[in-house]
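Contents: one structure, followed by commentary.
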Amino acid sequence: MPAMHYTIQWPDASQSVAYSPSLVIEDFFTPGADYPLDDFLRRVREATAVANQRVQAKFGFVCSRAGDQLADTEARAAGFAGQPGASVRILGFAPVLS
């Protein structure tokens, strides 16, 4: 199953690279687009759930790395939760090379 990295630019302009076990992440985000923090979190949770369903269907278990990534993303986003107008930009996607 092809996996994907995607680069997030946070409201403070810092960047992080996140992991998705499926290309489905591209169905939820557009490179260069900004997403209000709440919308970003909703989308990343939904994308992770869909990706984990795909992994479970293929391998019989969910991807623990995806769960860890979601927890990390939610923790990072929590630091911006009280910031008015906080938004996240998706900078791009890159396939995970084996």
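The first residue in the sequence is number 1, and the count goes up from there.
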Can you list the steps and then say if V88 with D34 is a side-chain contact (heavy atoms from CB on, under 4.5 Å)?
CA-CA 5 Å; V88 172; D34 293 324; over 6 Å; no

Please evaluate residues R54 and V50 with respect to the criterion side-chain contact (heavy atoms from CB on, under 4.5 Å), reporting the C-alpha separation (whole Å), side-chain torsions for both, the decisive distance (0.1 Å), and the verdict.
CA-CA 6 Å; R54 291 181 179 184; V50 171; 4.0 Å; yes

List the steps and the verdict of side-chain contact (heavy atoms from CB on, under 4.5 Å) for V17 and Y6.
CA-CA 6 Å; V17 176; Y6 56 104; over 6 Å; no

Would you please test T73 and F40 for side-chain contact (heavy atoms from CB on, under 4.5 Å) and show each step?
CA-CA 10 Å; T73 299; F40 167 74; 3.6 Å; yes

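Judged by the 6.0 Å distance and 45° axis criteria, R43 is not positioned over the aromatic ring of F28.
Judged purely by atom type and a 3.5 angstrom limit, Q69 uses its side chain to pair as donor or acceptor with the backbone of Y19. Side chain of Y35 to main chain of T30: a donor-acceptor pair is present (N/O by atom type, distance under 3.5 Å, no hydrogens or angles). Of the possible donor and acceptor atoms, none in the side chain of S14 sits under 3.5 Å from a partner among the backbone N and O of W10.
Classification of D68 and R65 as a salt-bridged pair fails, no side-chain N sitting under 4.0 Å from a carboxylate O. By the 4.0 Å N-to-carboxylate-O rule, R76 lies too far from D72 to be salt-bridged with it.
Taking the six-membered ring wherever Trp is involved, the centroid distance between the rings of F29 and F93 does not fall below 6.0 Å.
Under the 4.5 Å side-chain heavy-atom criterion for Ile, Leu, Val, Met, Phe, Trp and Tyr, V62 and I25 are members of distinct hydrophobic clusters.
I90 is listed as a side-chain neighbour of I8, based on a closest heavy-atom distance under 4.5 Å.
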